[in-house]
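Since the structure comes first, as structure tokens, the remarks are kept for the end.
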Amino acid sequence: MTGPDRNDEAARDDSPGRQKLIKGPGILLVWLYGVMVVGAVSRSAVQISTDFGKAPLAYSLSALAGLVYGFITYSLVRGGSTARTAALVCCAAELVGVLGVGTWTLVEPSAFPDATVWSDFGMGYLFIPVILPVTAIFWLTRARRAAGA
């Protein structure tokens with residue numbers, strides 16, 4: 001056999017350099033982010049394809065949220081220190097987006113004729129968009145410390 005087999009790949013995935021992030025609370029984070037990907041992407045796809053002129057900013061922000069959720073989900077599943085760092089950066093950007101858009105929708109509601117995923121701090125999604133990045137940042141930071149120890 002000239003190439004690596006599945007056992008070699010599995011061994012590399014469990015190596016200290018590529019510690020899996022989807023264990024313990026990470027499984028729940030992946031599941032929740034996966035649900036948010038489906039919700040944000042499907043919502044924005046329907047809104048953009050049927051009524052984009054009504055609220056282009058809101059629908060575009062929902063699509064962006066879906067892409068961010070997708071990248072975070074991928075990073076969590078991928079594992080390793082680079083993926084952990086990428087997920088942390090994206091979670092921080094997500095939190096800034098949720099707080100910024102959430103504040104913007106309260107201060108200037110006329111800018112958003114229709115809601116985004118992050119409107120009113122994610123109220124339409126049971127506030128999961130504001131709780132999820134905080135939880136993910138906490139867990140990823142804790143996982144980073146554990147991997148370094």
Same cluster for [X] and [Y] if Ile/Leu/Val/Met/Phe/Trp/Tyr side chains link at under 4.5 Å?
X	Y	value
Val30	Val41	yes
Leu76	Ile131	yes
Val38	Val46	no
Val98	Phe71	no

Between [atom1] on residue [X] and [atom2] on residue [Y], distance to nearest 0.5 Å:
X	Y	atom1	atom2	result
Leu132	Ile137	CG	CD1	10.0 Å
Leu29	Leu140	CG	CG	7.0 Å
Ile128	Met123	CD1	CE	14.0 Å
Thr105	Asp120	OG1	CG	4.0 Å
Asp114	Lys54	CG	NZ	4.5 Å

### Query
If you draw a 6.0 Å radius around OH in Tyr74, do more than 12 non-hydrogen atoms from other residues or ligands fall strictly inside?
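Atom OH in Tyr74 is not packed in, count stays at 12 or less.
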### Whether over 12 other heavy atoms sit under 6.0 Å from Phe127 CZ
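Enclosed: over 12 neighbouring heavy atoms sit under 6.0 Å from CZ of Phe127.
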### Message
Between Glu108 and Ser110, is there a side-chain donor-acceptor contact under 3.5 Å, judged purely by atom types and distance?
### Response
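Note: Ser110 and Glu108 side chains meet the donor-acceptor criterion.
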### Task
Mind checking ring-ring contact (aromatic ring centres under 6.0 Å, His included) for Tyr125 and listing every partner two or more places apart, or none if nothing turns up?
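Listed in chain order: nothing, the list is empty.
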### Side chain proximity check, Ser75 to Arg84, heavy atoms < 4.5 angstrom
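No. Closest side-chain heavy atoms not under 4.5 Å.
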### Query
Does some side-chain heavy atom of Trp31 sit less than 4.5 Å from a side-chain heavy atom of Thr73?
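Of all side-chain heavy-atom pairs linking Trp31 with Thr73, none is under 4.5 Å.
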Heavy-atom pair of closest approach, residues [X] and [Y]:
X	Y	value
Tyr69	Pro129	OH-CB, 3.5 Å
Leu106	Phe121	CD1-CE1, 3.3 Å
Pro113	Ala111	CD-O, 3.5 Å

### Query
Would you call the rings of Trp104 and Phe112 parallel, tilted or perpendicular, where under 30° means parallel and over 60° means perpendicular?
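If you compare the ring of Trp104 with that of Phe112, the planes turn out perpendicular.
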For residues 85-97, run the donor-acceptor check on the side chains, cut-off 3.5 Å, and write out each pair with its distance to 0.1 Å, sequence neighbours left out.
from	atom 1	to	atom 2	distance (Å)
Thr85	OG1	Ser81	O	3.0
Thr85	OG1	Arg144	NH2	2.7
Glu94	OE1	Tyr33	OH	2.7

Solution key, residues 60-68 side-chain donor-acceptor pairs under 3.5 Å, sequence neighbours excluded:
from	atom 1	to	atom 2	distance (Å)
Ser60	OG	Pro56	O	2.8
Ser62	OG	Ala58	O	3.3
Ser62	OG	Val117	N	3.1

